[in-house]
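Let me begin by presenting the structure, written as structure tokens, before commenting on it.
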Amino acid sequence: MSGGSSNSAQRAAEAAEAERQARITSSVGRINTAFDNPARAGELGEYLGATRQFYMDDLNRQKGDTDRNLKFAMARNGQTGGSVSIDNARRVGEDYTRGVVEADRRAQSAVADLRSQDEQSRLGLISMAQSGLDSTTASSRALSALQNNIQAGKATSTAQGIGDAFGSFANLYRRSQEDAARRRGEKDVYGTLYQPGFGFGGRP
């Protein structure tokens, strides 16, 4: 009898383990189905395009500001159309080209980070499935993780924009403003000194 009871207990244990493994397999399968869904590839492609466009919009905004500031700076200094103006335009073009490359690099990096986060989420859920997470909950959490990851990725990748792509021109524009302000000050002083009643032949 004891032998029969032992065999029965063993069979019951094996059956329970087989059932547990089947549940794990089902849960892991649901998780992988969610993460390997071809629709995710489409979302990643859209994310790449939107992120790249975000950086390009920032770059184009900065270029517009830089072009206007340089135009004013050259006009203040009487250098419009001269060699300095032409050289600055060339440098702006070079900075813009580098900015385009940087925009793509940052967008590609953002997608790579998102893929990495997806894989971390997948592995975390598989670990939970091996600890007993049922297939329905596993599938639901996988879908939530995918959406949370892409939202977090958008917030992170667009937090600071592309950076100061034309920073080398900031000093030039500021100096032109300072020079213009100094010239206005000198003109005001000169005009005041030569007003009637203020010395140089006028009454003090």
Side-chain angles (χ1 to χ4, degrees), residues 1-66 94-167:
M1 292 294 293
S2 61
S5 297
S6 176
N7 290 337
S8 178
Q10 182 177 351
R11 285 194 297 272
E14 291 173 349
E17 176 59 19
E19 184 179 351
R20 188 181 75 84
Q21 291 297 330
R23 286 197 300 268
I24 291 173
T25 299
S26 176
S27 295
V28 171
R30 297 285 290 274
I31 292 168
N32 285 330
T33 295
F35 281 94
D36 294 334
N37 191 322
R40 188 57 169 179
E43 291 177 346
L44 290 172
E46 291 176 1
Y47 176 68
L48 173 64
T51 305
R52 184 190 289 118
Q53 187 60 53
F54 171 83
Y55 289 128
M56 285 302 302
D57 288 345
D58 189 25
L59 178 67
N60 288 328
R61 177 190 60 77
Q62 290 188 44
K63 185 176 186 297
D65 291 344
T66 300
E94 292 172 351
D95 284 352
Y96 183 79
T97 299
R98 283 191 290 270
V100 172
V101 174
E102 178 66 9
D104 185 67
R105 186 196 69 78
R106 291 194 181 202
Q108 295 286 354
S109 178
V111 172
D113 289 343
L114 180 54
R115 286 197 178 100
S116 176
Q117 187 57 50
D118 279 356
E119 284 307 305
Q120 290 181 36
S121 297
R122 183 205 299 259
L123 293 175
L125 286 170
I126 287 176
S127 178
M128 293 172 67
Q130 292 171 339
S131 298
L133 186 68
D134 65 271
S135 60
T136 300
T137 304
S139 179
S140 176
R141 291 191 181 182
L143 294 174
S144 294
L146 287 168
Q147 291 307 308
N148 291 340
N149 288 349
I150 204 164
Q151 292 302 321
K154 288 177 180 178
T156 300
S157 62
T158 60
Q160 297 181 333
I162 199 169
D164 192 354
F166 302 93

Query raised in the report: Quick check: does any side chain N or O of Thr137 sit under 3.5 Å from a backbone N or O of Leu133, one acting as donor and the other as acceptor?
Result: no
Query - Test item: side-chain donor near acceptor, Ser27 and Asp134, under 3.5 Å - result: no
Query raised in the report: Are Gln147 and Gln151 close enough that a side-chain donor and a side-chain acceptor fall under 3.5 Å?
Result: no
**Report entry** Glu17/Arg20 under salt bridge (Lys or Arg N to Asp or Glu O under 4.0 Å): CA gap, chis, key distance, verdict
**Finding:** CA-CA 5 Å; Glu17 176 59 19; Arg20 188 181 75 84; 3.0 Å; yes
**Report entry** Shortest non-hydrogen contact from Leu44 toward Val111
**Finding:** O-CG2, 4.1 Å
Query raised in the report: Given side chains that start at C-beta, do those of Ser157 and Phe54 come closer than 4.5 Å, heavy atoms only?
Result: no
Query - Nearest atoms (heavy-atom pairs only) where Arg141 meets Met128 - result: NH1-CE, 2.5 Å
**Report entry** Exam field: side chain Asp58 to backbone Gly161, donor-acceptor pair closer than 3.5 Å
**Finding:** no
Query raised in the report: Which heavy atom of Leu125 sits nearest a heavy atom of Ala142, and at what distance?
Result: CD1-CA, 3.5 Å
Query raised in the report: Stepwise, does the salt bridge (Lys or Arg N to Asp or Glu O under 4.0 Å) test hold for Asp95 with Arg98?
Result: CA-CA 5 Å; Asp95 284 352; Arg98 283 191 290 270; 2.2 Å; yes
Requested in this report: Please step through salt bridge (Lys or Arg N to Asp or Glu O under 4.0 Å) for the pair Glu119 and Arg115, ending with a clear verdict.
Outcome: CA-CA 6 Å; Glu119 284 307 305; Arg115 286 197 178 100; over 6 Å; no
**Report entry** Any donor-acceptor pair under 3.5 Å from Thr156 side chain to Ala152 backbone
**Finding:** yes
Report task. Please tell me if the side chains of Ser139 and Ile31 come closer than 4.5 Å, counting only heavy atoms from C-beta onward. Result -> no
**Report entry** Short side-chain to backbone donor-acceptor contact, Ser116 and Ala112, under 3.5 Å
**Finding:** no
Query raised in the report: Does a side chain donor of either Asp57 or Gln53 reach within less than 3.5 Å of an acceptor in the other side chain?
Result: yes
Report summary line: With Met56 as partner, the option from Val100, Asp104, Thr51 fulfilling side-chain contact (heavy atoms from CB on, under 4.5 Å) is Val100
Query raised in the report: Can you find a heavy atom in the side chain of Arg52 that is under 4.5 Å from one in the side chain of Arg106?
Result: no
Query raised in the report: Is there side-chain contact between Asn60 and Tyr96, with heavy atoms separated by less than 4.5 Å?
Result: yes
Query raised in the report: Roughly how far, to the nearest 0.5 Å, is CG of Leu114 from CG of Leu48?
Result: 10.5 Å
Query raised in the report: Is a donor on one side and an acceptor on the other found under 3.5 Å between the side chain of Gln62 and the backbone of Ala165?
Result: yes
Query raised in the report: What do the steps show when you test Asp118 against Arg122 for salt bridge (Lys or Arg N to Asp or Glu O under 4.0 Å), and what is the final call?
Result: CA-CA 6 Å; Asp118 279 356; Arg122 183 205 299 259; over 6 Å; no
**Report entry** Nearest-0.5 Å distance, CD of residue Glu19 to CD of residue Glu14
**Finding:** 14.0 Å
Query raised in the report: Within the distance-only criterion (no hydrogens, no angle test), does the side chain of Ser144 pair as donor or acceptor with the backbone N or O of Ser140 below 3.5 angstrom?
Result: yes
Requested in this report: Might you work through the side-chain contact (heavy atoms from CB on, under 4.5 Å) test for Tyr55 and Glu102, ending with a clear yes or no?
Outcome: CA-CA 9 Å; Tyr55 289 128; Glu102 178 66 9; over 6 Å; no
Query raised in the report: How long is the gap from OG1 on Thr25 to CZ on Arg30, to the nearest 0.5 Å?
Result: 13.5 Å
Report summary line: In short, Ala129 meets Ile24 closest at the heavy-atom pair O-CG1, 3.6 Å
Query raised in the report: Would Arg40 and Asp36 count as a side-chain contact (heavy atoms from CB on, under 4.5 Å) if you check the C-alpha gap in whole Å, the side-chain angles of each, and the deciding distance to 0.1 Å?
Result: CA-CA 7 Å; Arg40 188 57 169 179; Asp36 294 334; over 6 Å; no
Query raised in the report: Under the 3.5 angstrom rule, does the side chain of Ser109 hit a backbone N or O of Arg105 as a donor-acceptor pair?
Result: no
Query - Euclidean distance, Phe35 CZ relative to Leu146 CG, rounded to 0.5 Å - result: 4.5 Å
